[in-house]
Amino acid sequence: PETRVRLRALVDLRHHERAHQEVCFGRLEGVLARHWPEFGQWMDVRVQRSALCLLASYPSPARVAQAPEAVTSLLRKASRSRLSEQAIAGVIAGADATTGVPMVPEEEQLVRTLAMQLRAADQSAEELDEQMRSVAQDDEVFARLSSWMGVYTAAVLVTRADPRQYPSARQLQKGCGMNLREKSS
C-alpha cells in the first residue's frame, strides 16, 4: 500500500539522518578528547542537549573560561535549570584548567559547526517522527506498536516485517532474526 511505501521512505530518510548524526558525534567526541578532555566528565554530548547548545555558542575551553557568567546563564537556560550547579561549575573549572591542546580558530569553527548540525539533526528527527505519525495515522498495527515502542521503531517494524504477515509470534520472531541459537558441542 501507498502508506507503507511512504512510511518506508521516511524510515530510510531517518536512518540516513541517524548515520550522519553518528559521524558528527564521533568527530565531536574526538575533537573534545584532544582539546577539552575534562568536558566529558561533566556533560554528555549524546544525551544532554544543553551540551550541544554550549558548544555551539562557546566551542572551546578558552571561550568558556573567558565568560563564566554567560556560560552559567546559558547552561541554566538550555537545561531549564536541570543541570546541577556542580556540573556547571565543573565545566567552567575544567575549561579553565584543561590539559587539552589549545584550539585554533578553525577547530573552534569545526566544533561549532558539528554542534549546530547535531542540534539540527535532533530537530529533523522530531519532524520525521511527526511525519511518520501523520502518514501512518490510519494504520492500526503502527498505532498499537508506536504507543509503547516509539514511532521510529514501530515504523521500521511495520515496513520491514509487518506482524500481520505471520500466523504466530514464533514465526515473527524468526522473521526478525531473533530466534538464533547456537548448536555446537
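For this chain, numbers begin at 1 and follow the sequence in order.
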Check: Between Arg160 and Asp12, is the closest basic N to carboxylate O distance under 4.0 Å?
Finding: yes
Next item on the list: Name all residues meeting the salt bridge (charged side-chain N to carboxylate O under 4.0 Å, His left out) criterion together with Glu140; count only those two or more places apart in sequence or in a different chain, and write none if there are none.
Entry: Arg144
Notebook entry, point to check: What's the shortest heavy-atom distance between Thr159 and Arg4, and which atoms?
Noted result: CG2-O, 3.9 Å
Note to self: Between Ser57 and Leu74, is there a side-chain heavy-atom distance shorter than 4.5 Å?
What the structure shows: yes
Next item on the list: Linking directly or through intermediates, with side-chain heavy atoms under 4.5 Å: list the remaining ILVMFWY members grouped with Val5, chain and number order.
Entry: none
Notebook entry, point to check: Which atoms form the tightest heavy-atom contact between Ala51 and Phe39, and what is the distance?
Noted result: CB-CZ, 3.9 Å
Item checked: With sequence neighbours excluded, residues passing salt bridge (charged side-chain N to carboxylate O under 4.0 Å, His left out) with Arg27 -> none
Item checked: Shortest non-hydrogen contact from Arg112 toward Ala56 -> NE-O, 3.1 Å
Notebook entry, point to check: Which distance, rounded to the nearest 0.5 Å, do you find between the OG of Ser124 and the NE2 of His20?
Noted result: 10.0 Å
Check: Under 6.0 Å from the CD atom of Gln109, do we count more than 12 heavy atoms belonging to anything else shown?
Finding: no
Next item on the list: State plainly whether the residues Glu22 and Arg46 are in salt-bridge range, i.e. N to O under 4.0 Å.
Entry: yes
Check: Given the rule in the side-chain contact (heavy atoms from CB on, under 4.5 Å) test, do Ser60 and His35 qualify, once you have shown the distances and angles that lead to the verdict?
Finding: CA-CA 8 Å; Ser60 71; His35 298 285; over 6 Å; no
Notebook entry, point to check: Do Arg133 and Glu130 sit within salt-bridge range, that is, some charged N less than 4.0 Å from a carboxylate O?
Noted result: yes
Check: Does Gln165 CD have over 12 foreign heavy atoms under 6.0 Å away?
Finding: yes
Note to self: Counting neighbours of CD on Gln123 that are heavy atoms of other residues, nucleotides or ligands and sit closer than 6.0 Å, is the number greater than 12?
What the structure shows: yes
Next item on the list: State, yes or no, whether a side-chain contact exists between Leu55 and Leu114 at a heavy-atom distance under 4.5 Å.
Entry: no
Kindly list each side-chain donor-acceptor pair under 3.5 angstrom involving residues 87-104, sequence neighbours excluded, with atom names and distances?
| from | atom 1 | to | atom 2 | distance (Å) |
| --- | --- | --- | --- | --- |
| Thr98 | OG1 | Glu38 | OE1 | 2.6 |
| Thr98 | OG1 | Gly100 | N | 3.1 |
| Thr99 | OG1 | Glu38 | OE2 | 3.1 |

Margin query: Pair Asp122, Gln21 - check side-chain contact (heavy atoms from CB on, under 4.5 Å), show working.
Written below: CA-CA 9 Å; Asp122 277 345; Gln21 195 174 20; 3.2 Å; yes
Notebook entry, point to check: Using a side-chain heavy atom cutoff under 4.5 Å and only I, L, V, M, F, W and Y, what cluster partners does Leu128 have?
Noted result: Leu7, Leu10, Val11, Leu13, Met132, Val135, Val141, Phe142, Leu145, Trp148, Met149, Val151, Tyr152, Val156, Leu157, Val158
Margin query: I want to check something: taking the side chain as every heavy atom from C-beta on, are Glu85 and Arg76 in contact at a cut-off of under 4.5 Å?
Written below: yes
Next item on the list: Could you walk me through whether Val45 and Glu29 pass the side-chain contact (heavy atoms from CB on, under 4.5 Å) test, one step at a time?
Entry: CA-CA 8 Å; Val45 293; Glu29 289 167 344; 4.0 Å; yes
Item checked: Members sharing Met116's hydrophobic cluster (side chains within less than 4.5 Å) -> none
Item checked: N-O pairing of Glu126 and Arg49 below 4.0 Å -> yes
Check: Nearest 0.5 Å, what's the CE-SG distance between Met43 and Cys53?
Finding: 9.0 Å
Next item on the list: Apply the test side-chain contact (heavy atoms from CB on, under 4.5 Å) to residues Val71 and Arg63: give CA-CA distance (whole Å), side-chain angles for both, the deciding distance (0.1 Å), then the verdict.
Entry: CA-CA 9 Å; Val71 168; Arg63 297 232 187 260; over 6 Å; no
